[in-house]
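Have a look at the structure below before the remarks.
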Amino acid sequence: RPDLHKKPTRILVLFHTTSGGTWKLAQAIAAGITQQGATAVLKQVPAIDKNIANAAPGVPYADVAELPQYDGIAFGSAVHFGNMTAAMRLFLDGTVDHWTHHRLEGVPATVFMSAGSGAGREAAILSFWNTLAVHGMVIVPTGIMGAATLQKNIAQGNTVFGATSLASMPGSARPSASELEQATLQGAALARVAIALAAVPRTVQTSTPVATTDSIAIRMNRAGIVLPPVPAPAGNYKPFTRAGNLVYINQVALKEGSILHPGIVEKEISVADATAATRQTMLNVLAVLQAACDGDLSRVKQCVQLTGFFNTAPGFKDHAKLMNAASDLTVAVFGDKGKHARATVGAASLPVNSSVEIQAVFEIE
Ligand SMILES: Cc1cc2nc3c(=O)[nH]c(=O)nc-3n(C[C@H](O)[C@H](O)[C@H](O)COP(=O)(O)O)c2cc1C
């Protein structure tokens, strides 16, 4: 009998594609995951070369910070010179903080890749595995999955390490039916391991031990949320004021001394950049809030209200979607206490050309 209260196992299918082959394999991996009753979340890593557009339009970009939230991760990449792509490499190089805090240790992972002729494709998966091993992830290989139905009259990308596609081989549309079949079985194999391991609590070790009673610190640690230093006031005012039990905070998208992604949303900067700026602004708000609580965020009783101002051109309608980055972060940190009343507003300009400004009111003990 299904346990209706059990949280579904969530698996991230994280890929980088330039001409769509890896995306097709990613969808087969996701199908295998859902066949097992787990939830597949498809995300891509951002392109680093603006001249090469990502070939999976509409698939959201992953944020390095979100990786520890998943019960398993399937990594996919095009094969570039016997390796993962530079964009995937750059993304993974951003996971140092997760590594030093053991956040991906014990998380099941698997690798699939789209190749051209297939040159170096097995070595590419094995070298991808190095990064996962350094993180202490549980690597799920494919063995001879799919062998029973393998179509032998054309060359196939199927390997014992993970599914690959031979995109430039003649003889069939790619990925071929056998390549897609192996990818589906691979997704299912990863899901089975992830479902089993999700039943066992994962201990997150940290180099600086976190008190087990401090659930906010643990939640932030698991979600990879790291608060920046408190931004210094730029005038004759204070980072926050406290009136009774209410704390008032206003911040813009300052990061390391300059504004992250300044400009007008959809005119000068993309919605993805504005979303990143919104998250950064909320991180600044939380850093100030922590200072207002003398370093102890467990003193927060509730987030009362958030107001987001966005630097938008006339006609822009998606303020609420942008603000979700701030709301989601607040709920990720405080759980139900983070749920708040909210307003969003479009502005013709904002201080220091920030694309976003957030006003926040919290109740604290
Ligand atoms: C810079 C570069 C290097 C490549 N190196 C290899 C390689 O080493 N082996 C191979 O089989 N294909 C190689 N290819 C071909 C790609 O792996 C192939 O086009 C693949 O299907 C791309 O995946 P995608 O459709 O997900 O972008 C390379 C392509 C590029 C652009």
Side-chain angles (χ1 to χ4, degrees), residues 11-33 40-64 67 73-94 109-132 140-142 145-146 150-187 190 272:
I11 299 178
L12 177 66
V13 183
L14 177 66
F15 64 93
H16 182 237
T17 189
T18 57
S19 50
T22 311
W23 186 25
K24 287 186 190 144
L25 288 176
Q27 290 167 72
I29 294 269
I33 291 169
V41 180
L42 277 157
K43 293 209 175 177
Q44 58 182 329
V45 305
I48 51 171
D49 182 346
K50 290 205 168 67
N51 298 317
I52 307 175
N54 282 4
V59 177
Y61 291 115
D63 187 330
V64 166
L67 298 189
I73 306 177
F75 293 92
S77 169
V79 175
H80 279 185
F81 292 116
N83 262 301
M84 67 178 85
T85 61
M88 180 59 85
R89 180 70 267 156
L90 186 71
F91 187 89
L92 292 175
D93 283 354
T110 200
V111 177
F112 60 97
M113 304 188 92
S114 182
S117 64
R121 70 189 197 282
E122 296 198 334
I125 296 184
L126 291 174
S127 72
F128 204 128
W129 280 10
N130 291 344
T131 301
L132 310 185
V140 179
T142 36
M145 287 171 198
L150 189 81
Q151 214 193 332
K152 294 193 178 131
N153 59 334
I154 57 164
Q156 302 286 1
N158 300 33
T159 83
V160 295
F161 307 107
T164 76
S165 175
L166 306 181
S168 60
M169 292 298 253
S172 78
R174 299 287 170 164
S176 70
S178 293
E179 291 164 352
L180 289 169
E181 166 73 358
Q182 195 185 35
T184 307
L185 293 168
Q186 183 176 1
L190 175 69

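Ligands are counted one by one from 1 in listed order, and the atoms in each one are counted from 1 as well.
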Would you mind checking which non-hydrogen protein atom is closest to [atom], with the distance to 0.1 Å?
| atom | result |
| --- | --- |
| atom 8 (O) of ligand 1 | Gly82 N, 3.0 Å |
| atom 11 (O) of ligand 1 | Gly118 N, 2.8 Å |
| atom 9 (N) of ligand 1 | Ala119 O, 2.8 Å |
| atom 24 (P) of ligand 1 | Thr17 OG1, 3.3 Å |
| atom 29 (C) of ligand 1 | His80 CD2, 3.6 Å |
| atom 13 (C) of ligand 1 | Val79 O, 3.2 Å |

- Examine the side chains of Gln156 and Ser176 and answer whether a donor and an acceptor come within less than 3.5 Å of each other.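 Yes, Ser176 and Gln156 have a side-chain donor paired with an acceptor closer than 3.5 Å.
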- Message: Under a plain distance cut-off of 3.5 Å, with no hydrogens placed, do Arg174 and Ser114 share a side-chain donor-acceptor pair?
- Response: no
- Verdict with reasoning, Leu185 to Thr142, per side-chain contact (heavy atoms from CB on, under 4.5 Å): CA-CA 8 Å; Leu185 293 168; Thr142 36; over 6 Å; no
Would you check the N or O atoms of [X], main chain and side chain alike, for any that come under 3.5 Å of an N or O of ligand 1?
| X | result |
| --- | --- |
| His16 | no |
| Ala167 | no |
| Ala78 | no |
| Trp23 | no |

In terms of atom number and element, which parts of ligand 1 are under 4.0 angstrom from non-hydrogen atoms of [X]?
| X | result |
| --- | --- |
| Ser117 | 11 (O) |
| Ser19 | 22 (C), 24 (P), 25 (O), 27 (O) |
| Gly116 | 10 (C), 11 (O), 12 (N), 15 (C), 16 (C), 17 (O), 18 (C) |
| Thr18 | 24 (P), 26 (O), 27 (O) |
| Gly21 | 24 (P), 25 (O), 26 (O) |
| Phe81 | 1 (C), 3 (C), 4 (C), 5 (N), 6 (C), 7 (C), 8 (O) |

- Query: Got a donor-acceptor contact below 3.5 angstrom from the Gln151 side chain to the Ala177 backbone?
  - Reply: no
- Hey, does the side chain of Thr22 reach the backbone of Met113 with a donor-acceptor pair shorter than 3.5 angstrom? no
- Item | CD on Gln186 to OG1 on Thr164, rounded to 0.5 Å | 10.0 Å
- Here the gap from Leu42 atom CG to Ile29 atom CD1, rounded to the nearest 0.5 Å, amounts to 10.0 Å
- Note on the structure: For Thr85 and His16 the tightest heavy-atom approach is OG1-ND1, 2.8 Å
- Answer yes or no for Gly120: is there a heavy-atom contact with ligand 1 below 4.0 Å? no
- Item | Side chain, backbone, both or neither: Ser114 near ligand 1, heavy atoms under 4.0 Å |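 Answer for Ser114: both.
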- Task: Check the angle between the aromatic planes of Trp23 and Phe15 and answer parallel, tilted or perpendicular using the 30° and 60° thresholds.
- Result: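 Ring orientation of Trp23 relative to Phe15: parallel.
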- Which is it for Ser165 and Glu179 under the side-chain hydrogen bond (donor to acceptor under 3.5 Å, both in side chains) test, yes or no, and what are the steps along the way? CA-CA 6 Å; Ser165 175; Glu179 291 164 352; 2.9 Å; yes
- Can you tell which of Leu25, Leu190, Val41, Ile33 makes a side chain to side chain contact (heavy atoms under 4.5 Å, CB included) with Val13? Ile33
